[in-house]
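The next block holds one structure in the form of structure tokens; read it before the comments.
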Amino acid sequence: MAATLVGLELHHMKNDSPVNAFQKPINLHHNLALWQDIAALKCTLFEGCAPITAANSTTEIAELKWEEDKTTIVGKLEDLEAVKLNFEADLNNMKVQQEAQGQKYHVLKAELDAQWEYTKKMSEKMTVLKKKAASLEEEHDALNHDIKEFKHKMIVVETEANDNKVKKAQFEAQLQEV
């Protein structure tokens, strides 16, 4: 029976240290002795109790073991529920952060799209303005050429006018002589 209890305790205490695994059977034997003393005392106080037998002791040990296991499992379950609640809270926080990031993303994407559209429009406008500037530059060059030709013609006309004044003066002088 003790070997079975030690086996159950060792199986139950997989994650416990070896020292604890050896102390548990001693504690169970101590608990059994205490339980037997309490049961004997009850029988003395309340007549008509059945005598404590090995079968009763084994059942009582099993019940004690069950209560210990139950307490351990309930404690672990409560710990796991607390961990689960923490994970759920973390998950909710991450969902909120993800939603905020998603909103930021949409705002930034909208801004980027607007800037891209503006850039495209300005690029098209610049292309039109460059064509217009090139056209105006050609027109400017043509007008400068026309101005140069006009100035040249004016010089020619002034020269001819001066020549004509000189000729007129010469003809008037000849006429006066005649």
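Just so it is clear, the values below take in all heavy atoms, side chains as well, and ignore hydrogens, waters and symmetry mates. Being a predicted model, the structure only gives us computed values, none of them experimental. Throughout, residue positions are numbered sequentially from 1 according to the sequence presented.
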Euclidean distance, T58 OG1 relative to K65 NZ, rounded to 0.5 Å: 15.0 Å

NZ-CG distance between K70 and L77, expressed to the nearest 0.5 angstrom: 12.0 Å

Pairs touching residues 111-125 that satisfy side-chain hydrogen bond (donor to acceptor under 3.5 Å, both in side chains), sequence neighbours left out: K109-D113

Residues which pass side chain to side chain contact (heavy atoms under 4.5 Å, CB included) with T159, listed by chain and number, not counting sequence neighbours: I155, D163

D141/E137 under side chain to side chain contact (heavy atoms under 4.5 Å, CB included): CA gap, chis, key distance, verdict: CA-CA 6 Å; D141 291 344; E137 188 70 33; 3.7 Å; yes

Side chain to side chain contact (heavy atoms under 4.5 Å, CB included) partners of L80, counting only residues at least two apart: none

Derivation of the side chain to side chain contact (heavy atoms under 4.5 Å, CB included) call for Q174 and F171: CA-CA 5 Å; Q174 282 178 353; F171 284 134; 3.7 Å; yes

Sidechain-backbone polar pair: T72 side chain, E68 backbone, donor-acceptor under 3.5 Å: yes

Set of side chain to side chain contact (heavy atoms under 4.5 Å, CB included) partners for V96, sequence neighbours left out: none

Q97 side, atom CD; K104 side, atom NZ - distance, nearest 0.5 Å: 10.0 Å

Rounded distance (nearest 0.5 Å) linking atom CG of N92 with atom NZ of K95: 6.0 Å

Spacing of N162 atom CG and K168 atom NZ [to the nearest 0.5 Å]: 13.0 Å

Neighbour count >12 (heavy atoms, 6.0 Å) for atom CE, M126: no

Separation between CD of Q101 and OH of Y105, rounded to the nearest 0.5 Å: 12.5 Å

Residues which pass salt bridge (charged side-chain N to carboxylate O under 4.0 Å, His left out) with E88, listed by chain and number, not counting sequence neighbours: K84

Set of side chain to side chain contact (heavy atoms under 4.5 Å, CB included) partners for E158, sequence neighbours left out: M154

